[in-house]
Amino acid sequence: MVTIPVEIQLLFAALLFLMGLIGLLVRRNVIFILMSIEIMFNSAGMVFVIAGSYWAQVDGQVMFIFMLTVTAAEVSVGLALILQMFHHFKTLDADKLSNLKDTN
Amino acid sequence: MTILLALIPIMPLLGFLILACCGSRMSKQMIAFTGAVSVGISVLITLITGLAFLVTPPAGNVVVVNLWQWFSTGGLALSIVFRLDALSLVFIFVITFIGFLIHVYSIDFMAGDEGYARFFAYMNLFVGSMLILVLADNLLLLYLGWEGVGLCSYLLIGFWYREPVNGYAARKAFIITRIGDTAMIIGIFLLFVHFHTLDIQLLMQQASSEWGNGSPLATWAALLLLGGALGKSAQLPLQTWLPDAMAGPSPVSALIHAATMVTAGVYLIARTHVLFELAPAIQTAVAAIGALTLLLAGFSALAQHDLKRVLAYSTISQIGYMFLALGVGAWSAGIFHFMVHAFFKALLFLAGGAVIFALNEEHDIFKMGGLRKKLPVIFWTFLIGSSSLAALPLITAGFYSKDQILWFAWSAGNGNPWLWAAGLLGAFITSMYTFRLVFLVFFGDMVTMPEHHPGRLMLIPMIILAFFSLIAGFIELPESMGHVQWFSKLLDPVLPAVNTAHGRIPESFFQLVAGTISLSGIYLAYRFYLKQPYLTSSFNESRISKFLYKGWGFDRVYDLLFVNPLVWFAVRNKNDFIDLFTSALARAAFYGNYLLSITQNGRIRWYVMAFVIGIVFMLTIFINL
Amino acid sequence: MNTIFYIAAAVALISTGLAITGRNAIHALLFLIVSLLAISIIFYILGAPFIAALEIIIYAGAVMVLFIFVIMMLNVGMERETENRWLRPRMWIVPVILSFILLIDFIIMMKGMPHHAISGRIIPPKQVGISLFSTYLLGAEIAGMLLLAGIVGAYHLGRQKKKVIHRFLQNEDDEINNTIQ
């Protein structure tokens, strides 16, 4: 039997999420950005599992499976895009992707 | 009788409407017919009404026709009311009669012009407006006519609009008369505010009963109305537009700038004479302005080269005589001179126009000469008109009218020896420049050959006007010569008689002096311009001559005082500082766009940062709520 | 059990921190895999063994390996200098502050929750499977379609066509040629 208070668990998930957020805001390499997004997805899924464990129901885990699916699809498409970007811009700098800027 | 009276101004206006709507589709004869006949019918009706008026004077010597109510708002109820009394009878006779003759003349004169229908339309509109002006019973209707004649003057001066010079002249005329019109409308406001009515008779009654002699309100009202009269009648200081207005065709100059529009000021002052009698200071100002103007214009006329400009300055000078008469209280004498002046000045303009037409648009009198043999009818009519203008004694009408003014300038209650002296000097100058004109144009060696000879339609009106220039004086003979007083008796119910202070010097002395002066002017003109022209050649080149030629430099002064500062300000304001305020809004919007577009730099991390800040914001707010 | 939870949590946090601050992409990814392993232990403690297994198989095993494959394919090299240049200390300040604010918000929110003892009952995979294919059948089908879309999209977006440039334009500026096809 685990008697870890649910607040601590949620706090842990939140910390992971926030670390992913920091990584997203700070890094300039698109691979790291994508990686940070993965961390965020993972921590969001963990919240589902924590909730499912809290209420002793199975739905949390099912939700996590769906999230996993989404994550996998998103990662594959994102990496394909990164490949294209690298081939056209010859760099992995996210700040170089600014063609949609307002040219004032 | 009443409906006939209403038809007098309506007929020319109807002619204007027909010509304005269908003029381009009508044949030349139809246009001429419509234009002349509409005024012709007015003449007939005027004669009929006039005869009826004279033979069986109606009650109170006045015929009033109330046509319809114009408007009734805010305490002011005005109707279109025409009023025929002796004063307006004289005016409508002059307007319609001379107007008709000038229309007949212009059938031939303007025959080659492509704006034929436009010309007659404008002329008809002018005659209609002028008739409304003199027949109006309330000040607002009078102002309607006033504005109408101003508009037609602008349209007709700038008739040949393809030349920019004509446009400038028309604009100058309009703007300067506008200054006078503004003064006049303020005067009308003043009168309305005090008496709550604009009916002229009621105004005069209430003014005389409520405002005492010399009251400041009466002075202001009279001064403002005088301002309007000065603008229209081209007196000091608003006289600069009339010489330039000669850019219009000669019939226009004859009708508008000799006979009718410029005398609207005289009419106004005569109509509202009660106000002027209540403000003696202003009345003296009227006389003084008249005297100064007649001298100023007379001297300027001596130095002009253009035939029409001599006549224009002459008009200004003669209207100065009328103002002089009104200023000393000789009301009927002023109106008498108006009538006589209308005849001979219209004649002079028509004849001058015929000369210019014959010489193929040559205006410079130094390039004319010896036309006496080639254009005999024009010569004789011009000579008769000039003699009337110069007040040739005993046989011309001008002698009687001008002489009466000079006599009253000395002997009337408000008279003054200085005014008399000014008038006398003016008479001398008048005869000198008039016969300078005659001798230079018709005598001497021919310089330019006449190419077109004027047709019958141009000559007949001139002959008729010449006839009237001679005999019109006989209806008012001074005491020493038969003492005929038909004219002043006619105007007696309307205008007060002049109060003469009979002095020691009899009137016949003055007549002698006046006659001598005019004859000596003719003789001097003969000497200087015909017999021994070399005497004046140095004068012609001198600086004084140039100064007089420019009309005593008034144009320069006005340019310096008014035009240049305005132009300077307009140039400085090229970017329109008021516009800057409104464009500041646009520029602020652009700046905001610039600022906000910095936040849209296409970078992903920037956008994510925006998300996060938003999320933080929202969460913080929603947690704490 | 509790101590294992805390140890695993500490490991996860530390390795995630090292992952996001790493200069080398491969090293960062390896740290991330360690973090995922620790998280999987936590899942197991929470009574979700199936999920723990899935986390390792799919997340650590497939997704992260995909990342590593792409990095190796791109052949970006070490690039330690670039990363150092991009990651100045002052870049971290604002995100850390914002995250801190969010953390405080979260803690405040947590204070209002009612206390409940954790059960920690283990939920077997069989139950997950039954629920997945009975209650959430529609979701499973849609997830399948999503994966199909992902496959097709990834295949199409990952293709590279050789660009044919007219010989007159061969020496033009690179920028003009860098248009996404």
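For chain A, the nearby parts of Leu103(C) are the backbone and the side chain; heavy atoms of each come within less than 4.5 Å. Looking at Ile107(C), only its side chain comes within 4.5 Å of chain A, counting heavy atoms on both sides. Of the atoms belonging to Ile39(C), it is side-chain heavy atoms, and not backbone ones, that fall under 4.5 Å from chain A. Contacts of Ile58(C) with chain A are made by side-chain atoms alone, with heavy-atom separations under 4.5 Å and no backbone atom involved. Neither the backbone nor the side chain of Met67(A) comes within contact range of chain C, judged by heavy atoms closer than 4.5 Å. Of the atoms belonging to Phe41(A), heavy atoms from both backbone and side chain fall under 4.5 Å from chain C. With a 4.5 Å cut-off on non-hydrogen atoms, Phe67(C) touches chain A through its backbone and its side chain both. Using a 4.5 Å cut-off between heavy atoms, Glu74(A) makes no contact with chain C at all. Both the backbone and the side chain of Leu34(A) have a heavy atom closer than 4.5 Å to some heavy atom of chain C. Neither the backbone nor the side chain of Ala62(C) comes within contact range of chain A, judged by heavy atoms closer than 4.5 Å. For Tyr6(C), the part sitting under 4.5 Å from any heavy atom of chain A is the side chain, from C-beta outward, and nothing else. The contact between Thr71(A) and chain C is made entirely by side chain atoms (from C-beta outward), counting heavy-atom distances below 4.5 Å. Within the 4.5 angstrom heavy-atom criterion, only side-chain atoms of Ile42(C), from C-beta onward, approach chain A. Using a 4.5 Å cut-off between heavy atoms, Tyr136(C) touches chain A through backbone and side chain atoms alike.
Rounding to the nearest 0.5 Å places CE of Met109(C) at 13.0 Å from CD of Glu7(A). One finds the OG atom of Ser76(A) at 8.0 Å from the CG atom of Leu147(C) (value rounded to the nearest 0.5 Å). Residue Leu132(C) holds its CG atom at 11.0 Å from CG of Asp59(A), rounded to the nearest 0.5 Å. Of the inter-residue distances, the one linking Met19(A) atom CE with Ser15(C) atom OG reads 8.5 Å to the nearest 0.5 angstrom.
Of all the heavy atoms in Ser99(C) and Ile22(A), the pair that sits closest is OG-CG1, 3.0 Å. In terms of heavy-atom proximity, Gly150(C) sits nearest to Ala73(A) at CA-CB, 4.4 Å. A pairwise comparison of heavy atoms in Phe32(A) and Ala25(C) identifies CZ-CA, 3.6 Å as the closest pair. Contact record, Ser36(A) with Ile20(C): OG-CG2, 4.5 Å, taken as the closest heavy-atom pair.
The residue among Leu21(A), Leu24(A), Ile39(A) with the most heavy atom pairs within less than 4.5 Å of chain C is Ile39(A).
Gln9(A) places no side-chain N or O within 3.5 Å of a backbone atom of Leu46(C) that could act as its donor or acceptor partner. Between the side chain of Gln84(A) and the main chain of Leu157(C), a donor-acceptor pair closer than 3.5 Å is present.
Two residues are said to be in side-chain contact when any heavy atoms from C-beta on lie closer than 4.5 Å; Phe69(C) and Leu79(A) fail this criterion. Side-chain atoms of Leu25(A) and Trp92(C), non-hydrogen and from C-beta on, never get closer than 4.5 Å to each other. Using a 4.5 Å heavy-atom cutoff, the side chains of Val63(C) and Leu68(A) are not in contact.
Within 6.0 Å of the OH atom in Tyr44(C), the count of heavy atoms belonging to other residues, nucleotides or ligands does not exceed 12.
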